[in-house]
Novice: 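First the structure, which I've put down as structure tokens, then a few questions once you've had a look.
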Amino acid sequence: MAAPKVAVVGAGVIGLSTALCITETCPSCSVTVLSDQFSPNTTSDVAAGMLIPHTYPGTPIRMQKQWFKETFTFLFAISNSAEASEAGIHLVSGWQVFKNAPKEELPFWSDVVLGFRPMSEAELQKFPQYRFGQAFTTLKCDCPPYLLWLEKRLKATGVQMYTRKVADLWELHSEYNIVVNCAGIGAHRLVGDKKLFPIRGQVLKVHAPWVKNFIRDGDGLTYIYPGIHRVTLGGTREKESWSLAPDPGTTKDIFDRCCSLEPSLWGAQDIKVKVGLRPSRQSVRLQREVLNQGGLKLLVVHNYGHGAGGFSVHRGTAKEAAHLVGECIASLQGSSSRAKL
């Protein structure tokens, strides 16, 4: 059969990395990325891009750890290359602090990040309201640079990218053999997934170049993540809120919370407010599906629903989605050879 045509719907970190993995594992494919939004207007552009995993209750921990490890290994190699600056990927050390010791002192990802250890009494003196803490070094992906780097890699391999709003996967049936759904929160409407819901996140991006270490409250609500040019201050987790309008009261609350963790932030300047809708569900939807309509079939691979943890597992889930695309291609080739018989 001719080279299979694959459409990837969505151009956030999940869509672009999935497209890249498809080109790596299925080089004979013709891959196109379709999205109504590209960087800097995606949810991924709002995210801090820190590699600190979020736990998915409906996904086995062993699988989550594998996704995280594959992602960390991939990004660690880039951080050690000449492309690190362009790709916006860098190592950052810091602290996760708790008012009460967590149930599990060693999270499942503790042996993937670098140098994970309990904080010393001397370190904890920096955080008088906290009684326990963990110190480690992890990776951060700055966006838009990382998304633009992924786009550049894709264009170099011949991937086409088009701004297009896809309202129904079926509209792609006549143009593509396989459709990969990486629509994020857009999958709520695109495929009618009622298990998918937004968790609204409001963050501040500030100029505070003296802040070099990340600081994260163990509850995950308050965090300070230094990037190459700006520091991300967060945040909120508002379930079922679809509002993309920044809330001034929330901005003040975030700033006050972060300043109580790191008082030097009172001197931060050029505060920009960003809002994104995390595409959340009990587990990432990573599966094949065959859609049937009027005797016609459309092969679909879903890869969405990463919630607050997309950056931490994006490469691992992209590799798995690309493997599922390979299975779809094998079934297409099997049916075309049967047709010849």
Side-chain angles (χ1 to χ4, degrees), residues 1-35 56 58-60 62-71 73-74 150 153-154 157-160 166 168-184 186-187 190-193 195-196 279 281-293 295-306 310 313-341:
M1 63 178 281
K5 292 184 173 179
V6 180
V8 176
V9 179
V13 70
I14 304 300
L16 297 180
S17 50
T18 299
L20 187 60
C21 283
I22 294 168
T23 64
E24 290 167 2
T25 56
C26 316
S28 63
C29 278
S30 159
V31 180
T32 303
V33 176
L34 306 171
S35 184
Y56 304 105
T59 304
R62 145 191 78 72
M63 191 177 283
Q64 297 184 54
K65 184 168 183 177
Q66 182 185 327
W67 293 342
F68 180 57
K69 193 167 187 175
E70 286 174 350
T71 304
T73 301
F74 175 72
L150 287 170
R153 290 275 301 271
L154 288 168
T157 63
V159 171
Q160 301 290 311
V166 178
D168 184 338
L169 296 181
W170 272 105
E171 71 187 61
L172 304 175
H173 178 269
S174 58
E175 300 164 75
Y176 302 97
N177 305 106
I178 300 161
V179 175
V180 186
N181 170 20
C182 300
L190 183 62
V191 294
D193 186 345
K195 294 178 182 171
L196 182 71
R281 64 203 301 283
Q282 286 291 100
S283 58
V284 177
R285 187 176 184 197
L286 195 46
Q287 64 181 153
R288 285 169 59 186
E289 185 180 20
V290 181
L291 300 181
N292 292 288
Q293 198 172 359
L296 297 172
K297 288 184 175 180
L298 179 62
L299 299 179
V300 176
V301 171
H302 298 284
N303 183 16
Y304 68 86
H306 297 71
V313 297
H314 72 271
R315 176 72 181 186
T317 60
K319 280 178 77 171
E320 194 167 324
H323 175 72
L324 295 175
V325 169
E327 289 180 1
C328 290
I329 291 167
S331 74
L332 281 174
Q333 287 167 341
S335 58
S336 80
S337 58
R338 280 195 300 277
K340 286 177 187 144
L341 297 173

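All values below come from the heavy atoms of this structure, side chains included, with hydrogens, waters and symmetry mates left out. This one's a predicted model, so the numbers in the text were calculated from it and none came from an experiment.
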Novice: Using a 4.5 Å cut-off on heavy atoms from C-beta on, say whether the side chain of Trp67 contacts that of Met63.
Specialist: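 With C-beta onward as the side chain, the pair touches.
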
Novice: Could you walk me through whether Val313 and Glu70 pass the side-chain contact (heavy atoms from CB on, under 4.5 Å) test, one step at a time?
Specialist: CA-CA 8 Å; Val313 297; Glu70 286 174 350; over 6 Å; no

Novice: Okay, side chain of Thr59, backbone of Ser283: is any donor-acceptor separation there less than 3.5 Å?
Specialist: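 A pair under 3.5 Å: no.
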
Novice: Is it the case that the side chain of Glu175 and the backbone of Leu172 share a donor-acceptor pair, with hydrogens and angles ignored and the cut-off at 3.5 Å?
Specialist: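 Answer holds: no.
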
Novice: Identify the two heavy atoms, one from Pro4 and one from Ser28, that lie closest to each other, and give their separation to 0.1 Å.
Specialist: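 That would be CD-O, 4.2 Å.
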
Novice: Can you label the angle between the Tyr304 ring and the His302 ring as parallel, tilted or perpendicular, going by 30° and 60°?
Specialist: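 Because their plane-to-plane angle is over 60°, the rings of Tyr304 and His302 count as perpendicular.
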
Novice: Does a donor on one side chain and an acceptor on the other come within less than 3.5 Å for Thr317 and His306?
Specialist: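 Looking only at side-chain atoms, His306 and Thr317 do form a donor-acceptor pair, the distance falling under 3.5 Å.
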
Novice: Within a strict 4.5 Å, meaning less than it, do heavy atoms of the Ile22 and Val180 side chains meet?
Specialist: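 Of all side-chain heavy-atom pairs linking Val180 with Ile22, at least one is under 4.5 Å.
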
Novice: Can you see which heavy atom on Ile14 is nearest to which on Gly310, and at what distance?
Specialist: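 Here Ile14 and Gly310 meet closest at CD1-O, 4.1 Å.
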
Novice: Quick one: are Arg285 and Asp193 in side-chain contact, heavy atoms under 4.5 Å?
Specialist: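 A side-chain contact under 4.5 Å exists here.
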
Novice: Just wondering, do Val6 and Tyr176 contact through their side chains at under 4.5 Å, heavy atoms?
Specialist: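 Side chain of Tyr176 against side chain of Val6, heavy atoms only: no contact under 4.5 Å found.
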
Novice: Using only heavy-atom distances, determine whether the side chains of Arg62 and Gln64 contain a donor-acceptor pair under 3.5 Å.
Specialist: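 There is no such pair (donor and acceptor under 3.5 Å, judged by atom type) between the side chains of Arg62 and Gln64.
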
Novice: His173 side chain to Lys297 main-chain N or O, any donor-acceptor pair under 3.5 Å?
Specialist: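 Here the side-chain-to-backbone pair exists.
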
Novice: Please test His314 against Lys319 for side-chain contact (heavy atoms from CB on, under 4.5 Å), starting from the C-alpha separation and ending with a verdict.
Specialist: CA-CA 9 Å; His314 72 271; Lys319 280 178 77 171; over 6 Å; no

Novice: Would you mind reporting whether Val159 and Thr23 have side-chain heavy atoms less than 4.5 Å apart?
Specialist: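 With C-beta onward as the side chain, the pair touches.
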
Novice: Would you say Ile329 and Cys29 make side-chain contact, with heavy atoms under 4.5 Å?
Specialist: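 When only atoms from C-beta onward are counted, Cys29 and Ile329 do touch, with a gap below 4.5 Å.
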
Novice: With the side chain counted from C-beta on, respond yes when Leu154 and Leu16 share a heavy-atom pair under 4.5 Å apart, and no when they do not.
Specialist: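 Answer yes - side chains close enough.
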
Novice: Check the pair Leu190 / Val166 against side-chain contact (heavy atoms from CB on, under 4.5 Å), numbers first and verdict last.
Specialist: CA-CA 8 Å; Leu190 183 62; Val166 178; 4.1 Å; yes

Novice: So, Arg288 and Glu320, do they make that salt bridge, N to O below 4.0 Å?
Specialist: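 Answer for the salt bridge query: no.
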
Novice: Side-chain contact, heavy-atom cut-off 4.5 Å: Val290 with Val300?
Specialist: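 No - every pair of side-chain heavy atoms lies 4.5 Å or more apart.
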
Novice: Consider side chain to side chain contact (heavy atoms under 4.5 Å, CB included). Of Val31, Val179, Ile178, Asn177, which one does Lys5 pass it with?
Specialist: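 Testing each of Val31, Val179, Ile178, Asn177 against Lys5, the sole residue satisfying side chain to side chain contact (heavy atoms under 4.5 Å, CB included) is Asn177.
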
Novice: For residues Ala19 and Val33, report the shortest heavy-atom separation together with the two atoms involved.
Specialist: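 Smallest heavy-atom distance, with atoms named: CB-CG2, 3.8 Å.
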
Novice: Could you tell me which non-hydrogen atom of Ser17 sits nearest to which non-hydrogen atom of Leu150, and how far apart they are?
Specialist: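 Smallest heavy-atom distance, with atoms named: N-CD1, 4.3 Å.
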
Novice: Is the NZ atom of Lys65 crowded by more than 12 outside heavy atoms at less than 6.0 Å?
Specialist: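 Count over threshold, so yes.
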
Novice: Specify the closest pair of heavy atoms between Gly184 and Leu196, including all atoms of both residues, with the distance to one decimal.
Specialist: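 Closest pair (atom of Gly184, atom of Leu196, distance): O-CD2, 3.5 Å.
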
Novice: With distance as the sole test, does Thr71 use its side chain to make a donor-acceptor pair with the main-chain N or O of Gly316 at under 3.5 Å?
Specialist: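 Side chain of Thr71 to backbone of Gly316: a pair is present.
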
